[in-house]
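Below you'll find the structure, written out as C-alpha cells, and then a few comments.
Bear in mind the structure is a predicted one, so any value in this text is a computation, not a measurement. Reminder, nothing fancy here: chain letters follow the sequence lines and each chain counts from 1. Side-chain atoms are counted along with the backbone in the values below, which use heavy atoms only and exclude waters and symmetry mates.
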Amino acid sequence: MYNKKVRVRFAPSPTGGLHLGGVRTVLYNYLFARQHKGDFIVRIEDTDQSRYVPGAEEYIFNCLKWAGLEPDESVIQGGNYGPYRQSERKPLYRKYADQLVADGHAYYAFDTPAELEKMRADFKTEQNPSPQYDRHIRTKMRNSLTLPQEEVKALIASGTPYVIRIKMPEEQIVSFTDMIRGEVSFNTSVIDDKVLLKADGMPTYHLAVVADDYLMEITHAFRGEEWLPSSPVHVLLWQYLFGLDKMPQWAHLPLILGPNGKLSKRDGAKYGFPVFAMNWTDPKTNELTEGFKEKGFLPEAFINMLALLGWNDGTGQEIFTKDELIEKFSMKRVHSGGAKFDYEKAKWFNREWIKQLEPAKLREQVKQVFAAANIPAADDILLDQVILLVKERCDLLTDFVEQAAFFFRAPEAYDLDAVKPKWNENKSLFFVEMIRNFELAAVWNATDLEHNFKEIAAANHLKPGEVLLPFRIMLVGGKFGPHVFDIAALLGRGETISRIKHFLSLL
RNA sequence: GGCCCGUUGGUCAAGGGGUUAAGACGCAUCCCUUUCACGGAUGAAUCACGAGUUCGAUUCUCGUACGGGCUACCA
C-alpha cells in the first residue's frame, strides 16, 4: 500500500499529565503502525525550557506502558533516528533556519518581547483584538527586512538577541489532503510570520516538527485538530526545505470535549471523572489529579473506549481487543466532528471488560486494589472464586472492595434497620437451629446449604423470604452481594457460624 | 474581530438521493431473581434552520445559526 515503511510518531510536550485526547492520539498512531507493520516513535517535544516539568516525561512513558502502547523507538527504547528529545537535537535546527533565511523564506527579527507587547497594544482595535506579526506589521518592526543590511550584520555581530521568522508569502493558497477531512486550504495572506527559531537558539514547534519528521522519516503525522490552523506553516516549510513529495500524510484528529466544551484538567475535579491516564501530581503545587488507572479502569477497557471515541468499524461492534483494533482500525472511518466524553459509557466499557475477563486476568489488579484497602487476600484460589462471584456487579476495579471485602473479613457495620423491625423470637430460634445444623452438616456446598435452610425454615413455619435477608445481612452486612448460599459456601463453616452468632448477639 | 474545522436522539453513532433513520450508553416500565447486580423484553427520544439542485433530500450545493479550535520567542 505504501512504498515506504510506515513510520508514525507521538510527540508530547512533557509539561504535565497525559490527557484522554493524548492517549487516543497515541492509540491511533499505535494501531496504524501495527496494522501497517510500521514503526511507532515517541519524540519528546521539550523545546520550551521554561515549561520544563520534572517527572513529566517519565510519567508519560509509565502511562503508555500501563495502556500497553509502548513505542518502538524513543528515549527509552533507543533507535537509529535519535536523539528522541528535541532539546538534545538543538544544533540540528539552526541550519534549516539559516537556509530559509538564505532562500528568502525567513528573516531575522530583533524586536524585544516588550516591543512586541507594545505593537500588540498599539494596533489592537475592536476589529482586530489580536494583531499579528504579519506582512503588514513586519514593515513597521525591527527586522532584516526593514533594517539596512549593515545594521543587521552589526546587531548580529554584537550579540543582540534575535529570532528567525517565516516570511509568509502573499495571496497564496496552501492546501493539503487530510486523511480524515479531505482537502483543506488556507490563504497565506491571513497567516502571520511565525517564529521558527527562538532567541535562545531553540526551534519552535513549527520548525522542529517539520525538521524532525523529515529526519526521522515519518510517513504519516497524526495530531489533534488544534494544530489545523498552523498546518499551512508546516506545509510551506516542507515545500521550502524538503519538498512536498516527502511530506507525511496528515490526519488531524477531532477533539475530545468535556461536558462544557474543551476537556480541561479542571473538569475532572468538577465532574467527578478522571481526565488523565494515571494519577498526576503537579510537582509545584503538589496537587493530585486522579487517573483512569487509579480510578479502577482496566487498560483493555480504557483503550477500547478511547478507540470508539471518534472511530467505529461500521458494524455496530463496540467491544474490541487490541488485536481486533489493530486489524480493523481505519483513519478513513475516524469522525471529523469532535466527541463529547461520556463517563457513563466509559464505565460501561470497563464493566464489559471486567465481566468477560477471566478471574486470573483480573487477579493482580484486584489484589492491588485490596492491598490499598487493607483487605487480606492471600489465597489466590479463594480470590479467583470470589472474583468470579462478584465481578458482574463491578463497574470499576475499586468496586471489588465494597463487593468482596466481606469474604475476607467480617462486616464492620450491619444494616440492622433492615432486620430489627421484623425480628421475633421465632427467627432467633430458627437461627440457633441453623447453627446446630451447620455444625453437623456432612458436606458444605451451596446447594445442600440452601436445601437444609429452606427445610428448617418450613419446619419453623417461616417463609424462606423472612429469614433469607437476615441471613444475608449476618454474612455480608448489607443488602447486596451474590447468592447468599454461594457466599456461605465460600466463607466456610466456621466463619459462617461465627458471623451468625455475632449478629444474634447484636440484637 | 479574523481564520479554520465541525453539526443525525441527553451522549457515542450507522446510514451519503427513495429506509418504519440501525445499534450502544443512559433513562423509564415489565419479566427473571425472596438482596444488589447480570440477563431478557418493551418504551420515550434524533437528521440545527433557510434556500437551491432533483420526480424525490437526513444524504449534494450555497447561505444562516450554533458549537469548537487557533490567533505566544507554548506545544
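Around the NZ atom of Lys198(A), the shell of radius 6.0 Å holds more than 12 heavy atoms that belong to other residues, nucleotides or ligands. Annotation for Lys355(A): atom NZ counts as buried by contact number, over 12 foreign heavy atoms lying within 6.0 Å.
Relative to the side chain of Val184(A), the nucleotides rC5(B), rC12(B), rA13(B) differ in distance, and rC5(B) lies closest. Listed nucleotides rG26(B), rC38(B), rG23(B) differ in distance to Glu318(A); the shortest reach to its side chain belongs to rG23(B). Of the candidate nucleotides rC38(B), rU35(B), rA72(B), rU35(B) has the atom nearest to the side chain of Leu469(A). Of the candidates rU34(B), rG1(B), rA75(B), rU34(B) carries the atom nearest the Leu468(A) side chain, counting heavy atoms from C-beta on. The Arg51(A) side chain lies nearest to rC74(B) when the options are rC74(B), rC4(B), rC73(B). Closest to the side chain of Arg393(A), out of rU11(B), rU35(B), rA72(B), is rU35(B). Each of rG1(B), rU34(B), rG39(B) was ranked by its minimum atom distance to the side chain of Pro464(A); first place goes to rU34(B). Nearest nucleotide to the side chain of Phe480(A), out of rG68(B), rG1(B), rC36(B): rC36(B). When distances are taken from the side chain of Pro229(A) to each of rC38(B), rA72(B), rG69(B), the shortest belongs to rG69(B). Among the nucleotides rC4(B), rU35(B), rG39(B), the one closest to the side chain of Lys355(A) is rG39(B).
Looking at heavy-atom distances under 4.0 Å, Asp192(A) makes no contact with the nucleic acid at all. Among the protein residues, Arg333(A) comes within range of the sugar-phosphate backbone only, with heavy atoms under 4.0 Å from sugar or phosphate atoms but none that close to a base. Residue Thr15(A) is classed as having no contact, given no heavy-atom separation below 4.0 Å to the nucleic acid. In this structure, Pro254(A) reaches neither bases nor backbone, as no heavy-atom distance under 4.0 Å exists between it and the strands shown. Nucleic acid contact for Leu116(A): base, since at least one base atom lies under 4.0 Å from a heavy atom of the residue. Using a 4.0 Å heavy-atom criterion, one finds that Phe341(A) contacts no nucleic acid atom at all. Contact annotation for Gly310(A): backbone-only contact, meaning every heavy-atom pair under 4.0 Å involves sugar-phosphate atoms and none involves a base. Within 4.0 Å of His252(A), counting heavy atoms only, lies no atom of the nucleic acid at all. Within 4.0 Å of Ala199(A), counting heavy atoms only, lies at least one base atom of the nucleic acid. Using a 4.0 Å heavy-atom cutoff across all strands shown, Leu255(A) reaches sugar-phosphate atoms only and no base atom. Within the 4.0 angstrom heavy-atom criterion, only backbone atoms of the sugar-phosphate kind lie near Ser336(A); the bases stay farther away. Among the heavy atoms of the strands lying under 4.0 Å from Val195(A) are primed sugar atoms or P, OP1, OP2 only; no base atom is included. Among the heavy atoms of the strands, none lies under 4.0 Å from Pro12(A).
The side-chain tip of Arg138(A) does not point at the ring of Tyr133(A) from less than 6.0 angstrom away and within 45° of straight on. Taking the ring centre of Trp423(A) as origin, the terminal cationic atom of Lys420(A) falls outside the region bounded by 6.0 Å and 45° from the ring axis.
A glycosidic torsion no more than 90° from 0 defines the syn conformation, and rC38(B) adopts it.
Dashed line: the shortest gap from a side-chain N or O of Arg351(A) to OP1 or OP2 of rA24(B) is not under 4.0 Å. Between rC73(B) and Arg165(A), a contact under 4.0 Å exists linking OP1 or OP2 to a side-chain N or O.
Each of Val190(A) and Glu352(A) was assigned the nucleotide of RNA chain B with the nearest heavy atom; the assignment lying further toward the 5' end belongs to Val190(A). Two residues, Glu450(A) and Asn312(A), neighbour RNA chain B, and the one matched to the more 5' nucleotide by heavy-atom proximity is Asn312(A).
Separating the P atom of rG9(B) from that of rU58(B) is a span of 14 Å, rounded to the nearest Å. As rounded to the nearest Å, rA48(B) and rG43(B) have P atoms that lie 25 Å from one another. Separation of the C1' atoms belonging to rA22(B) and rU46(B) is 13 Å when rounded to the nearest angstrom. Only the C1' atoms considered, rA37(B) is 24 Å distant from rG23(B), to the nearest whole Å. On the C1' atoms, rU42(B) is 15 Å away from rC32(B), given to the nearest whole Å. Here the separation of rA65(B) from rC55(B), taken at their C1' atoms, is 31 Å to the nearest Å.
Checked by distance alone, Lys194(A) brings no side-chain donor or acceptor within 3.5 Å of a matching partner on the base of rA72(B).
Side chains of Asp212(A) and Gln86(A): a donor on one and an acceptor on the other come within 3.5 Å. For Ser189(A) and Glu171(A), the side-chain atoms include at least one donor-acceptor pair closer than 3.5 Å.
Side-chain atoms of Thr160(A) do not come within 3.5 Å of backbone N or O of Ile156(A) as any donor-acceptor pair.
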